[in-house]
Amino acid sequence: MKSSQTVAGLQPKLVKDFDFVPSDSLKVRSSDGLYHLGDINLKLRSAGEEAWKSYSTAAKRSLVKNIPIGKNGLAAADLNATLPTDIPLQVKRIWEMQNGKLVLRFELKNRTDKNIEIGALGIPMIFDNILEGRTLEQTHAKNVFYDPYIGRDAGYLQVTRLSGHAPSLLVVPVGHTPFEAYNPLNDDKTPRGIAFEGFYEWMVYSKANAENEWKNAEQWNTPTSTTLKPGETRSYALQFILSGTAKNTESKLIENKRPVAISVPGYVLPRDVEAKLFISYPKKIKSIQVQPENALKVSALSTTKNGWKSYAVKGNTWGRARLSVTYEDGLEQTINYKVIEPESEVIASYGHFLTTKQWFNQADPIFKRSPSAITYDDEKQQQVTQDNRAWIAGLSDEGGAGSWLGAIMKQLVHPEKEEVDKLKQFVDSVMFGRIQLKDGPQKYGVKKSLFYYAPDSLPKDTYAANINFKTWSAWPKKEADNLGRSYNYPHVAAAHWLMYRLARNYKGLVDEQSWKQHLIDAAETGMAMVNIAPYYAQFGQMEGTIFYLILTDLKNEGLTDEAGKLETEMKKRANHWRSLQYPFGSEMPWDSTGQEEVYVWSNYFGYQDKANVTLDAILAYMPVVPHWAYNGNARRYWDFLYGGKLSRIERMIHHYGSALNAIPVLMDYRKHPDDFYLLRTGYGGLLGSISNITKEGFAPAAFHAYPSTLKNDGITGDYGSGFFGYAVNTSSYLLQHPEFGWLAFGGNLNKKGNTISVELTTAAKSSVYIAPAGLWITLDAGTIDGLDYNTANGEISLKLSKANGYTPNAVLRLSQPAKVNGVGIYSVKGNKVGDRGAYELSLSMDHATQIILQK
């Protein structure tokens with residue numbers, strides 16, 4: 001732009017009609033207070049002053065003054081004309097080319113005779129994530145999302161097209177321009193909402209914010225400031241590097257001599273897991289520091305063949321932990337971990353919390369929600385029995401069904417008799433018969449809420465006086481009883497299916513004779529969804545994977561009529577998706593929730609092109625970065641409005657999208673075991689989904705990303721949908737990486753000669769994928785303590801945990817999703833596959849049972 005020298009367009013030459021910045025909204029975004037790429041925000045104070053004063057080139061636009069351009073310059077300006085006259089600095093901005101890369105550089109000069117402290121320096125990152133008014137086809141062609149690695153000097157911003165296709169853009173520091181904090185530009189007047197998340201700024205210094213707006217939050221990095229002496233000039237610069245897809249980010253960073261860190265199994269670290277950290281950077285490491293002290297134990301291992309420095313990392317103390325790596329050239333990199341208790345303890349706490357603190361078991365004559373696991377407010381330490389969003393207190397929709405769904409899915413991971421007994425009461429009395437119709441012409445239909453607002457027909461003290469019920473979301477009874485929202489059906493189907501699994505595979509947990517009816521009820525719920533709620537059923541559903549699991553079990557059980565009907569209906573939906581360019585629409589203009597089910601059915605019916613389109617889109621919004629909060633975090637930014645307590649548009653940290661999107665990502669990895677990036681992405685989402693559960697077992701809707709907050713949301717909300725994703729997808733993985741050697745995700749590994757031993761650390765201990773064999777081992781009942789893999793002959797020895805009162809037998813399945821050269825079909829030595837397509841193996845009460853898998 002001639003007047004401001006901010007960016008009007010930033011277009012890769014290889015792609016027609018695509019722009020990284022919102023150039024098509026230049027006209028509507030041309031007034032004061034709207035940010036553009038090339039702006040700068042500052043908070044300054046002179047020596048002796050206490051208050052910070054804010055300055056922004058975007059606040060009140062005036063013509064900037066052109067200044068001479070250097071040899072590699074594209075444009076240069078003195079920006080003081082568009083800043084308040086009392087600013088103590090001279091601010092110049094230079095656009096230039098350095099080594100073929102576009103660079104944005106600011107020169108700040110202290111033009112006074114006093115020391116000037118810079119307490120905040122923010123560079124607005126304005127890219128085209130405005131989806132407003134565009135179709136799904138247009139957004140995938142035209143729009144981008146961007147994700148931060150808030151890693152100080154090693155930090156970067158990854159700008160990815162919604163399609164997931166090349167090119168993407170990397171914004172990296174030049175010289176000392178650390179990525180210290182990531183701040184939402186909420187003063188930008190572009191309307192934020194479901195179709196626009198908002199813009200952010202790259203903060204080089206953030207001490208002024210940390211002392212004021214952010215004073216109640218612990219930041220990702222230590223907030224800093226800097227002081228300019230009279231006459232001193234300091235330069236800050238960012239460069240823009242074209243890259244391929246998100247998968248190519250790390251190789252592009254290495255090519256540009258930027259530090260790259262890879263942690264296995266990721267950055268959410270259960271305390272019993274022996275993690276590894278690999279770092280690539282040409283300079284030596286001078287020091288590694290841990291904050292808080294001793295939160296992590298880090299010890300050096302040998303360097304890899306291509307020079308990656310490697311370390312063993314162990315989590316000691318529950319909570320956030322930061323690793324600060326200082327290199328000999330002075331560059332500092334921070335890596336943010338979250339240390340959690342062993343997975344089995346996290347899941348046990350979660351199940352206990354749901355069936356005690358969240359267990360609603362009181363007289364409820366009007367809404368009849370008792371007994372149930374109901375929404376919980378952890379800040380008030382109380383159950384939420386009323387809310388002006390009817391569903392939150394109404395046990396349906398994601399925000400109300402979340403708690404009971406989580407409680408039920410917890411039993412898939414680790415069934416507890418006491419918890420199962422409570423949940424069986426809920427299923428028999430509240431879910432089936434109240435939330436879901438048990439008879440009549442619309443049998444199996446699912447209501448939107450049991451709670452509703454009907455002040456005229458109910459006693460006057462029914463509703464809390466301090467809640468504003470004068471809003472669209474306080475549904476009257478007719479709306480609450482509506483059966484037309486398809487998204488409510490998978491929760492109920494999952495509960496029926498889980499009761500089938502418990503009845504079929506265990507002894508004495510649920511009446512064993514009832515398994516068939518539970519499975520039929522699950523299948524009928526899927527049929528009801530397409531018949532009673534057809535409009536939204538055209539879209540992929542959150543937890544839609546459940547219908548695939550139900551269909552698989554119908555086939556295993558020989559229920560061919562029921563399987564045929566369900567498969568026919570699911571194929572109609574998949575055929576519809578096949579006809580669309582981008583088949584993952586939703587009730588929202590753009591969403592990250594339909595992709596899970598769309599991928600699963602496209603993959604099942606052999607529509608590989610649509611499965612690939614879907615996976616590409618997922619990888620575009622599910623970044624892989626050295627930071628537990630963003631690693632594997634599927635983009636979501638409006639559900640705090642519908643399922644949270646602190647209600648605002650905000651990037652959500654490990655909302656349910658992380659675990660649900662991990663389902664297709666890990667499913668695809670099991671087909672392509674050489675694609676290490678898929679495993680890292682999926683595992684980031686999988687473990688991210690349990691990272692916010694507190695020590696006591698409270699699971700929030702999500703964690704707040706805003707630097708003013710950086711903490712869990714206050715209520716449970718729609719967390720259960722994510723726990724569904726964790727429960728059906730938790731597994732251990734064993735692989736041999738060409739650079740890093742033998743690795744385990746969800747287990748601790750030991751190598752002796754030709755034998756690779758893995759002790760499982762997942763809570764379920766019910767499945768493991770052996771990448772060199774392309775073999776997936778899953779248990780419907782029983783658990784695996786550990787395994788040995790013989791690299792010479794491919795033989796696998798499994799150690800099955802000893803029997804208990806509810807689990808006399810293990811039910812084991814083998815599948816080989818990947819076709820690996822030279823690997824035959826695996827079977828259990830000395831055993832035959834039973835009627836259900838599984839091996840039924842009796843377990844010893846006294847010791848572990850050893851079985852051999854061979855090809």
Side-chain angles (χ1 to χ4, degrees), residues 1-12 18-42 54-61 64 74-75 77 79 82-83 91 93-95 102-106 120-134 139 142-150 155-162 167-173 177 179 181-193 195-204 236-242 635 637 649-651 705-706:
M1 298 284 288
K2 285 189 177 134
S3 58
S4 63
Q5 280 197 17
T6 53
V7 171
L10 190 63
Q11 298 162 358
F18 170 72
D19 200 326
F20 282 109
V21 302
S23 52
D24 61 354
S25 53
L26 271 179
K27 276 187 182 165
V28 294
R29 300 195 68 258
S30 60
S31 54
D32 292 348
L34 292 150
Y35 289 98
H36 294 268
L37 193 58
D39 279 318
I40 188 170
N41 288 328
L42 295 160
S54 298
Y55 300 91
S56 173
T57 53
K60 197 164 188 338
R61 299 273 179 203
V64 300
L74 301 171
L79 302 183
T82 196
L83 288 160
V91 182
R93 181 190 52 226
I94 299 98
W95 292 99
L102 176 66
V103 170
L104 164 61
R105 186 158 58 86
F106 293 98
L121 192 168
I123 304 171
M125 297 282 99
I126 310 303
F127 298 106
D128 193 4
N129 59 340
I130 306 171
L131 315 183
E132 192 64 56
R134 284 180 171 164
T139 59
K142 299 266 191 189
N143 287 106
V144 296
F145 284 135
Y146 46 111
D147 289 295
Y149 166 36
I150 310 162
Y156 60 86
L157 198 75
Q158 178 177 299
V159 186
T160 318
R161 299 172 67 200
L162 264 62
S168 53
L169 188 70
L170 299 177
V171 185
V172 303
T177 311
F179 200 166
Y182 192 53
N183 188 40
L185 293 166
N186 289 337
D187 55 340
D188 185 282
K189 297 189 188 90
T190 311
R192 289 156 65 249
F196 177 54
E197 177 184 337
F199 298 124
Y200 296 82
E201 63 180 339
W202 173 307
M203 293 200 77
V204 177
Y236 300 93
L238 298 173
Q239 63 177 326
F240 301 83
I241 300 171
L242 270 184
R635 182 168 301 273
Y637 55 87
I649 299 291
E650 170 185 13
R651 180 69 190 277
Y706 273 15

Candidate pair Tyr149 and Tyr156, rule ring-ring contact (aromatic ring centres under 6.0 Å, His included), full reasoning: CA-CA 5 Å; Tyr149 166 36; Tyr156 60 86; 5.5 Å; yes
Pairwise side-chain contact, Tyr182 with Leu157, heavy-atom cut-off 4.5 Å (strictly under): yes
Side chain to side chain contact (heavy atoms under 4.5 Å, CB included) between Phe127 and Leu169, worked out: CA-CA 10 Å; Phe127 298 106; Leu169 188 70; 3.7 Å; yes
Contact check, side chains of Arg61 and Ser31, non-hydrogen atoms, under 4.5 Å: no
Val21 and Asp128: CA distance, side-chain angles, deciding distance, side chain to side chain contact (heavy atoms under 4.5 Å, CB included) verdict: CA-CA 5 Å; Val21 302; Asp128 193 4; 5.7 Å; no
Test item: Gln158 and Leu170 side chains (from C-beta on) under 4.5 Å apart, heavy atoms: yes
Leu74/Leu102 under side chain to side chain contact (heavy atoms under 4.5 Å, CB included): CA gap, chis, key distance, verdict: CA-CA 9 Å; Leu74 301 171; Leu102 176 66; 3.5 Å; yes
All ring pair (Phe, Tyr, Trp, His ring centres under 6.0 Å) counterparts of Phe196, not counting sequence neighbours: Phe199
4.5 Å side-chain heavy-atom contact, Arg93 and Gln5: yes
Test applied, side-chain contact (heavy atoms from CB on, under 4.5 Å); reference residue, Leu37; option that passes from Leu10, Leu238, Thr6, Ile123: Leu10
CA sep, side-chain torsions, deciding dist, call: Arg651, Tyr200, side chain to side chain contact (heavy atoms under 4.5 Å, CB included): CA-CA 11 Å; Arg651 180 69 190 277; Tyr200 296 82; 3.5 Å; yes
Separation of Ile126 CD1 from Thr190 OG1 (nearest 0.5 Å): 8.0 Å
Any Ser168 side-chain heavy atom under 4.5 Å of Val159 side chain: no
Leu185, Val7, Thr57 screened by side-chain contact (heavy atoms from CB on, under 4.5 Å) with Asp39, the one that passes: Thr57
